[in-house]
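Note that ligands are numbered from 1 as they come in the structure, with each ligand's atoms numbered from 1 the same way. Counting begins at 1 with the first residue of the sequence.
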Amino acid sequence: MSLIALPTPAELSITPRDRRFGRDAATPRLWHGGRVEATAIYNALSTTFPKGEAFFVESVRAFRDGAPPKLAEEIKGFTTQEAIHSREHDAFNKRAAEAGYNLSKLEAQVEKRLAVTRGKPPVVSLAATMALEHFTAILAHQLLANPRHLEGADRETADLWRWHAVEEIEHKGVAYDTWLHATRTWTRWKRWKLKTRVMLYVTRNFVVDRTGGALELMRQDGVTGLRAWAKLLWYLWIEPGMFRKIAGAWVRYFLPGFHPWDVDDRHLLAAYSSRARDGEPKRKVRRSV
Ligand SMILES: [Fe+2]
Ligand SMILES: [Fe+2]
């Protein structure tokens with residue numbers, strides 16, 4: 001397959017926005033509107049980012065040799081963005097620890113999953129990265145498209161999540177394009193089989209681990225048992241229902257000929273940029289899309 005035919009918009013520029021969040025004041029323990037379950041699921045997600053995104057970078061970089069110049073340029077933008085995300089989520093996780101959470105169980109679970117994947121061939125790591133990048137892109141889309149998800153959240157922390165979401169959308173095609181390049185001699189069937197198997201595996205782990213991680217953090221807030229399950233499942237699947245709302249976009253991944261840019265959500269990037277121009281803090285936003 002020729003890379004020229006890929007649907008990643010030709011004029012898309014992947015622009016790292018080197019911003020820092022939450023350095024001036026402590027983050028409230030229940031930063032998400034005082035809600036235990038909302039704070040828990042975002043904190044559980046954040047715990048995966050420093051190690052997880054370093055793994056994404058390593059997986060994509062393993063295939064950058066021989067990449068066409070446009071893709072090589074996109075890989076550069078992607079790795080810089082992910083490195084800055086890791087730094088900011090590491091800082092965020094430290095603030096969660098300062099607020100009293102013990103994240104060690106969640107971190108150990110991330111390590112365990114990464115160790116299994118690292119024991120497989122590099123192309124499987126790339127497929128896992130591509131699957132998780134699809135997850136982050138559809139979560140990011142939902143987060144930016146529907147203000148309900150961050151309603152009532154601490155302003156600075158909500159800003160961190162929106163900033164991360166924008167860059168996840170911006171670079172959502174990079175791991176996928178790297179994969180198409182790396183497997184260009186494969187049949188479509190062989191490619192589809194591996195990407196499907198890996199996506200199903202990653203999805204199971206993602207849902208089980210994030211749910212388990214959030215329940216662990218809720219336990220640390222004194223919410224346990226049936227009450228914890230009910231609150232968390234309601235939040236994730238009913239209202240605002242992030243997991244339910246991304247289900248359709250998740251299914252698209254399995255369609256023959258799928259590409260992340262089949263859904264063009266650059267309007268969300270433009271809305272973020274104009275919001276940044278019109279009143280959000282303007283610190284270090286180097287360039288808008
Ligand atoms: Fe990221
Ligand atoms: Fe990413």
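Remark: Glu82 does not engage Arg61 in a salt bridge, criterion side-chain N to carboxylate O under 4.0 Å. No salt bridge links Arg19 with Glu88; every basic N to acidic carboxylate O contact stays at or beyond 4.0 Å. We find that Glu98 and Lys94 are not joined by a salt bridge, their nearest charged nitrogen and carboxylate oxygen being 4.0 Å or further apart.
Judged by the 6.0 Å and 45° rule, Arg204 forms no cation-pi pair with Tyr201.
For Lys70, the NZ atom is densely surrounded, since the number of other residues' heavy atoms within 6.0 Å is greater than 12. Around CZ of Arg197, the count of heavy atoms belonging to other residues, nucleotides or ligands within 6.0 Å does not exceed 12.
Distances from the Fe ion (ligand 2) to the N/O/S atoms of Glu133 are shortest for OE2.
Listed by chain and number, the protein atoms of type N/O/S under 2.8 Å from the Fe ion (ligand 1) are Glu53 OE2, Glu82 OE1, His85 ND1, His164 NE2, Glu168 OE2; waters are omitted.
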